[in-house]
Structures are given as structure tokens and as C-alpha cells.
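So the structure is just underneath, and the comments pick up after that.
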There are 2 protein chains.
Amino acid sequence: MRPHDSPEIRHLPLFRDMLQASYDALMHSTQTERFAAGGELIRQGDPADFLHVVLEGAVELYARWEGRETTMAVVRPVGTFILAACIRDAPYLMSARILEPARVMRIPASDLRAVFRRDPEFAVSVIQELAGAYRAVVRHAKGLKLRTSRERIASYLLRQSRQAGDADSFVLPVEKRLLASYLGMTPENFSRALRALEPEGLRLDGLRVTITDRARLMDVARPDWLIDGPDPEGASAGASLPPVAAPG
Amino acid sequence: MRPHDSPEIRHLPLFRDMLQASYDALMHSTQTERFAAGGELIRQGDPADFLHVVLEGAVELYARWEGRETTMAVVRPVGTFILAACIRDAPYLMSARILEPARVMRIPASDLRAVFRRDPEFAVSVIQELAGAYRAVVRHAKGLKLRTSRERIASYLLRQSRQAGDADSFVLPVEKRLLASYLGMTPENFSRALRALEPEGLRLDGLRVTITDRARLMDVARPDWLIDGPDPEGASAGASLPPVAAPG
DNA sequence: CGAACCCTTGACAGAAATCAACTAAGGTGG
DNA sequence: CCACCTTAGTTGATTTCTGTCAAGGGTTCG
């Protein structure tokens, strides 16, 4: 089975409603490649040539400026990224590197643009995807501006718990240093702030987190629909490990 | 002339390519109202009933959480906001209040959704609008995470200068306290940081800012296409006074 | 004329970044 | 298989930055 025929891709919110002919057209020049950890997939500033779909592994989206670097999102299967740049035919605002050995599908941006002009159903899907992605970034920005780092960590942990099916115990999906960057702080600060949350109903063991007093943690985090998102309304599928923030 | 027929609206990037019939359908139930300064237009958490178009005046988009508040954008004529919420039929993530006495057009969200399903040209326009808006917020988030407040202020001033036609002297478009909030700091800090930029080639007089040494200021700001945006690619028309961040 | 309100400034407290050192775990190559 | 190297994570000490509290000047608007 060619990867293109995988129902996992065909059934992505972005692709599931389009005509078969359109889908075939999209996949016509699409290539799937494997990448080793650490590899650079795209670099910010480069022209947006391909829409990327992560089939296996994990990809980090990050931004650089004047030597500083910050993680914007982690995309896991099956998720897409840099849709917006492809649509506007504009330079990538973010870079992407392989976090875990990955298989990635690359759909030519020109095909993408051609297809949503011909297939109204696909156009509607793109609209939904972009609107969700937009809202996801707005939520992220709200969290950064309205919450302290302590509160961001606490609410992140609660989101992870919810994603694990409201489990009290779960494993952080990525390195702590990456999480720190995603949440907008240094690794040192993250370490300390996380430690400081232990008395608030938390037990820590490496990457494993156990919530021992949910009420107390919620009292710190004060979770809010309009920031933490009740729904994975944004982001196609797996773009939400750092919970949210999707296509670039 | 009814406001709907105004070429200013019809020629917005969002509306200019749609069929006349679609446009008429959109405008059919659309109402235009005047609002006094300070009035609440929409409240975060409310269901998204209307796409808003600012015809006159100025509207502030802001977010609230646990008593704290932050400005997300200022929309001026002719700009739209909360497109994404309308499309997803989801609650507003931001509130809107009148900054300067305004005339605002409200397009029922249900009509909006119906029309872009029927008119592929309009769908494409919505896609472009959303992709631009998405990129605008990503830039904003990058600025918040990668730059210090001093750097954010300096680069904001350079953006304003550019927007004024690369003029060395210009007037800040909004209150300083609002600017501070938009840039992610307290008014006190903004005041101090702005003051501290004077030796870096700046002269201040109330809301008027004069750049006396552009090279020096650029050395502080280190402007970057991928954050400051070379192009007003996002945001329909006037959504860019705090330069960027558009429809919610 | 008074009441808000914006802006600024100062003093202070709290938060976060930085610098540095140390541990532990994982991977590499001998 | 072990020694070594790299790197994530932690912790401490310190500095820098930012928010908070408080007060005063200036302006606008009722």
C-alpha cells in the first residue's frame, strides 16, 4: 500500500471531504521520506514549497531570532504543518527539525493552491483547519500574556492529564527543556517551578507526573476553556502534544 | 447610499472577489450600528453570532483571565474581526470594546458560513484572510517569546515609522497604556523602557515619537521580516495599528 | 471647578534569566 | 564490556528584569 492510500491520511479532517480526483491530484507529486533525529526539515525564511504531513515520529516547530530560539509546537502523527505559509506562498515563519525519527509526506504547495481553488469541499476543509489553527495560536498567546510561568505549567499539566483521559498519572510527551521553551521559560526556571508545584498536589518522577490533589492543582492553574481549549478544535490530529498550535 | 454598497467594503480583500449575488446574500441581514466609546461589542465566551466590520472609529480586542487583561489587537477602518470564531461556530476567544466612537457592521455568522460554501471565490478569500491572520498571530507570539520588552518597544516604533512612510517622526496611534498591554508589559514598565530608549536615538513628546538615530535604534530592535512583517500580508486593511493580529 | 484618568516616577518585592557546578543517564567507540 | 563523552536535568548564587504599590503632575470632560 502506498502511503497516500492510507486511510489515516485520507481521513484527516483536512482531506476527508475532498473529491477523490482532487485527492489524487494532491498526491500525484507528493513524496514521502524518512528523516533521522536532529535533521532540519525546513528553515524559517525559506519559501514555502511543501505542505508537510507527519506520518511517523515527531517534528518540532521552532523559531529563531538573534541567536535565541523558542519552540512553537510539536507535531506528531497524523498532523500537518506550515499550511498557512503554503497558502500565502510566503516564507516559513518557523523552522522544523526532527525530534524523533520520522516519516514525512511533502505535498507541493502549488498543487495545494490549485486544488482548493477547484474543489470547494477542500476549500471549506482548509478554512476550518486554518480557523482552528488561528484560534490555537491565539490561545497560546493569551496564556503567555495572562499567566505566570507557574500557572502555565500547572495548566499544561492539567491539559496533559485530560488528554490522557483524565488520568491522574501520565508521562510528559517531550523533553523538559523543550517543554520549558514551549511554555516560554528557561529550563532552569521550569525545573524550579515544577518542583515548587509538588506541594500543590503533584508527585514527580523523571518524566512521569502524578496528580495527587487535583483540586489544589486546579486552584493554581485556574483552567479556562478560552485558553486551554475544551476541545481539540484546532490542529489536525496529532499537532497537539504541546497541546495545540498547529500549521505554520 | 447604504453602507453595504460602499466600495470600501466591497473592495476589501475578503469581499472583492465574491459573486455579487453572494455579496448581496451576505449583506441581506447585515446591520450597521453606531457605538459610543467604552461600549462592549462582544464578550469572550459568548457564541460567535456575527462577523464584525469596523467602518469608522476604533475597536480594541482584548482578553481577560482571572482579573487580568491584555490587549490583543486594535482594529480600525476598514477591518474585520472574529472571523475565525464565526467560521468554527465557536465562542469568542476575545472581547471587543469601542476605543473611539465607531460604526460597525455585523454580518450574521450563519450567512457567512452558508455563503463560503456556495461561492468558491469567497472561500478562497476567506482562506487567504485566515492564513494571513494566522501568520500575524504567530509573529506576535514570536515577538513575545524571543524579544525582551525593550526590544519589542524598539521594533514596534520602527514598524510604526515604516507604516508612516518611513517617516522619522510620527504619533502613536493609541494610548500608551494600551500599547504597553499589547506589547506584553505594564504601563509603568513601558514608560520606563521607552524613556530608557531615548539615548538610543529617540526623542519623545507625549504621543509624538521622533527617531533621531535610526541606525542606533535598529541596533536595539534588530528588526526581522519574520517577526515584524515586511508586508501587511495579514489582516484585512486597518487591523494593523498595533501592527498586526487580526480577526478573532 | 471637580473628578476621572493617563502618564510618570520612585521605592520595593517578586519573578525570571544568567552563570556555574554537579549528577545522572545514554550513546559511542575502544 | 567498560571507559568516555555528551547532554538533560537539577540546584545554588547572583543579577537583571518586571510587577506592584504609592504618590504626584497634567489633561480632559462633565
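Atoms considered below: every heavy atom in the structure, side chains included; atoms not considered: hydrogens, waters and symmetry mates. Quick note on labels: first sequence line is chain A, next is B, and so on, each numbered from 1.
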>> Is the positively charged end of B:Arg147 above the ring of A:Trp65, judged by distance under 6.0 angstrom from the centroid and angle within 45° of the axis?
In response: yes
>> Rounded to whole Å, please give me the gap between CD in A:Glu100 and P in C:dG26.
In response: 15 Å
>> Given C:dA16, D:dT10, C:dC6, identify the nucleotide with an atom nearest to the side chain of B:Glu175.
In response: C:dC6
>> Expressed as a whole number of angstroms, how long is the span from A:Asn189:CG to D:dG9:C1'?
In response: 14 Å
> In whole angstroms, how far is the C1' atom of D:dT16 from the CD atom of B:Glu151?
Replying inline: 14 Å
> To the nearest angstrom, how far is A:Arg195 atom CZ from D:dA8 atom P?
Replying inline: 20 Å
> Who pairs with A:Ala141 by side-chain contact (heavy atoms from CB on, under 4.5 Å), at least two apart in sequence or on another chain?
Replying inline: B:Met72
> If you check every side-chain atom of B:Thr186, which of C:dT8, D:dT20, C:dA16 has the closest atom?
Replying inline: D:dT20
>> Using whole Å, what does the distance between atom C1' of nucleotide D:dG19 and atom NZ of A:Lys145 come to?
In response: 16 Å
> When you check the gap from the basic side-chain N to the acidic O, do B:Lys145 and A:Glu69 get nearer than 4.0 Å?
Replying inline: no
> Do A:Ile211 and A:Phe170 come close enough that some side-chain heavy atom pair is under 4.5 Å?
Replying inline: yes
>> Given the structure, check if the side chain of A:Arg192 and the base of C:dT18 hold any donor-acceptor pair shorter than 3.5 Å.
In response: yes
> Which whole-number value in Å describes the distance from B:Glu188 CD to D:dG25 P?
Replying inline: 18 Å
> How close or far is atom C1' of D:dT7 from atom CG of A:Leu178, stated in whole angstroms?
Replying inline: 14 Å
>> Let's see if you can work this out: which of C:dA16, D:dT18, C:dC6 has an atom nearest to the side-chain heavy atoms of B:Ser149?
In response: D:dT18
>> In whole Å, I'd like the distance from the NZ atom of A:Lys176 to the C1' atom of D:dT10.
In response: 9 Å
